[in-house]
Asks: 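After the structure tokens below, expect a handful of questions from me.
These figures come from a predicted structure and were not determined experimentally.
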Amino acid sequence: LHQVTKLVTSNHWANEEKCKEFFTEIIVPYVREKKKQLQLPDSQKALIIFDVFKGQFNEAVLKLYETHNCVVIPVPANLTEKFQPLDISINQVAKSELRKTYNEWYSDQVAQQIQQGITPGEVKVCVKMGTLKPLHAKWIVEVYEKLKTKIDTIRNGFITTGIFEAVQNADGIIAKDPNPFISL
């Protein structure tokens with residue numbers, strides 16, 4: 001989490017520079033570690049699936065991906081629900097968990113104030129960004145911890161999009177493990 005938080009821009013929008021940092025500081029070490037765990041050679045290509053945000057798809061960033069032996073598959077605009085494996089499988093579950101957690105937190109805030117004698121019409125819950133940002137970050141980590149064990153759900157997203165079959169049938173794939181998703 002520390003690595004990701006330093007990649008945030010002051011206006012919270014992604015840009016080319018932050019995309020490069022994210023790739024270099026998060027994705028490259030992750031891919032390197034996964035290749036090591038799966039006993040794959042450094043020359044093994046890695047597949048990266050991104051939407052077509054311009055910060056991720058410009059000449060400089062594409063060259064960076066190529067330098068690190070990554071194949072990038074762009075998901076066309078407005079089609080992530082069909083071709084982005086995690087949108088198909090786990091993101092809806094994550095969003096639902098986050099909504100549930102937020103609703104529980106909000107209800108607890110209301111209940112605490114009522115227990116303190118504040119009438120329901122006078123209850124005020126602070127939902128300013130300064131209050132919610134640290135809570136939201138904590139909730140995202142908690143949801144991640146719950147969902148990272150749902151390998152079958154994650155795998156189904158790759159099966160539904162056809163990526164799983166394409167990887168299994170691709171020439172030049174040198175995987176020691178017949179199921180490369182087992183150690184996600």
Side-chain angles (χ1 to χ4, degrees), residues 1-9 12-75 80-81 83-95 97-98 133 136-184:
L1 189 58
H2 170 70
Q3 286 181 303
V4 174
T5 57
K6 72 179 183 176
L7 298 177
V8 175
T9 60
H12 304 286
W13 287 91
N15 59 35
E16 177 183 330
E17 195 56 40
K18 290 301 174 183
C19 288
K20 287 179 180 176
E21 286 180 40
F22 176 74
F23 180 76
T24 304
E25 296 180 28
I26 305 294
I27 293 180
V28 168
Y30 176 80
V31 168
R32 192 175 294 131
E33 180 60 30
K34 285 298 167 188
K35 286 180 183 180
K36 185 177 171 184
Q37 286 176 1
L38 295 169
Q39 300 176 357
L40 298 171
D42 290 338
S43 61
Q44 177 70 46
K45 293 193 180 296
L47 175 66
I48 299 176
I49 306 164
F50 279 137
D51 60 18
V52 290
F53 167 62
K54 66 182 179 180
Q56 299 168 157
F57 285 97
N58 60 61
E59 193 173 327
V61 177
L62 291 172
K63 188 73 171 165
L64 184 62
Y65 299 151
E66 186 180 324
T67 301
H68 289 280
N69 213 16
C70 293
V71 176
V72 180
I73 303 296
V75 175
T80 57
E81 76 280 357
F83 296 114
Q84 182 63 282
L86 296 182
D87 276 7
I88 289 169
S89 61
I90 206 94
N91 287 354
Q92 188 57 42
V93 177
K95 289 175 184 178
E97 283 286 326
L98 287 170
K133 275 186 180 180
H136 193 247
K138 175 181 170 260
W139 297 336
I140 287 173
V141 170
E142 289 170 357
V143 166
Y144 169 78
E145 289 300 322
K146 284 182 191 176
L147 298 181
K148 73 179 184 182
T149 62
K150 299 196 179 294
I151 301 301
D152 287 338
T153 303
I154 295 167
R155 184 183 299 115
N156 285 338
F158 286 85
I159 291 169
T160 302
T161 59
I163 293 170
F164 188 86
E165 183 179 354
V167 168
Q168 295 298 322
N169 295 329
D171 289 333
I173 299 294
I174 310 168
K176 301 279 191 262
D177 186 336
N179 184 357
F181 301 104
I182 199 73
S183 60
L184 282 175

Asks: Taking side-chain contact (heavy atoms from CB on, under 4.5 Å) as the test, write out the residues that go with Glu17, two or more places apart.
Replies: Asn15, Lys20, Glu21

Asks: Of all the heavy-atom pairs spanning Thr153 and Ser89, show the shortest one and how long it is.
Replies: O-CB, 2.9 Å

Asks: Counting heavy atoms not belonging to Glu145, are there more than 12 under 6.0 Å from its CD?
Replies: yes

Asks: side-chain contact (heavy atoms from CB on, under 4.5 Å) with Thr80: which residues, sequence neighbours excluded?
Replies: Asp51, Val75, Gln84, Asp87

Asks: Ignoring hydrogens, what is the shortest heavy-atom contact between Ile88 and Glu81? Give both atom names and the distance.
Replies: CG1-O, 3.2 Å

Asks: Could you measure the distance from the CG atom of Leu147 to the CD1 atom of Ile140? Nearest 0.5 Å is fine.
Replies: 11.5 Å

Asks: Which atom names give the shortest non-hydrogen contact between Gln44 and Leu40, and what distance separates them?
Replies: CG-CD1, 3.9 Å

Asks: Who are the ring-ring contact (aromatic ring centres under 6.0 Å, His included) partners of His136, not counting sequence neighbours?
Replies: none

Asks: Suppose we screen for ring-ring contact (aromatic ring centres under 6.0 Å, His included). Which residues come up paired with Tyr65, at least two apart in sequence or across chains?
Replies: Phe23, Phe50

Asks: Restricting to side-chain contact (heavy atoms from CB on, under 4.5 Å), what partner residues turn up for Glu33, sequence neighbours left out?
Replies: Lys36, Gln37

Asks: Could you tell me the separation between the CD1 atom of Ile90 and the NZ atom of Lys146, rounded to the nearest 0.5 Å?
Replies: 12.0 Å

Asks: If you look at every heavy atom in Thr24 and Pro29, which pair is closest and at what distance?
Replies: O-CD, 3.2 Å

Asks: What distance separates Leu98 CG from Trp139 CH2, expressed to the nearest 0.5 Å?
Replies: 8.5 Å

Asks: Quick one: does any side-chain atom of Lys35 pair with a main-chain N or O of Asp42 as donor and acceptor, under 3.5 Å?
Replies: yes

Asks: Identify, with sequence neighbours excluded, every residue that meets side-chain hydrogen bond (donor to acceptor under 3.5 Å, both in side chains) alongside Glu142.
Replies: Lys138

Asks: Quick one: NZ on Lys148 to CD1 on Ile154, what's the gap to the nearest 0.5 Å?
Replies: 11.0 Å

Asks: Mind running side chain to side chain contact (heavy atoms under 4.5 Å, CB included) on His68 and Val31 for me, showing each step along the way?
Replies: CA-CA 10 Å; His68 289 280; Val31 168; over 6 Å; no

Asks: Hey, what do you get for CG (Asn156) to OG1 (Thr161), rounding to the nearest 0.5 Å?
Replies: 10.5 Å

Asks: Do Ile49 and Ile163 touch side chain to side chain, with heavy atoms closer than 4.5 Å?
Replies: yes

Asks: Hey, what do you get for OH (Tyr144) to OG1 (Thr149), rounding to the nearest 0.5 Å?
Replies: 10.0 Å

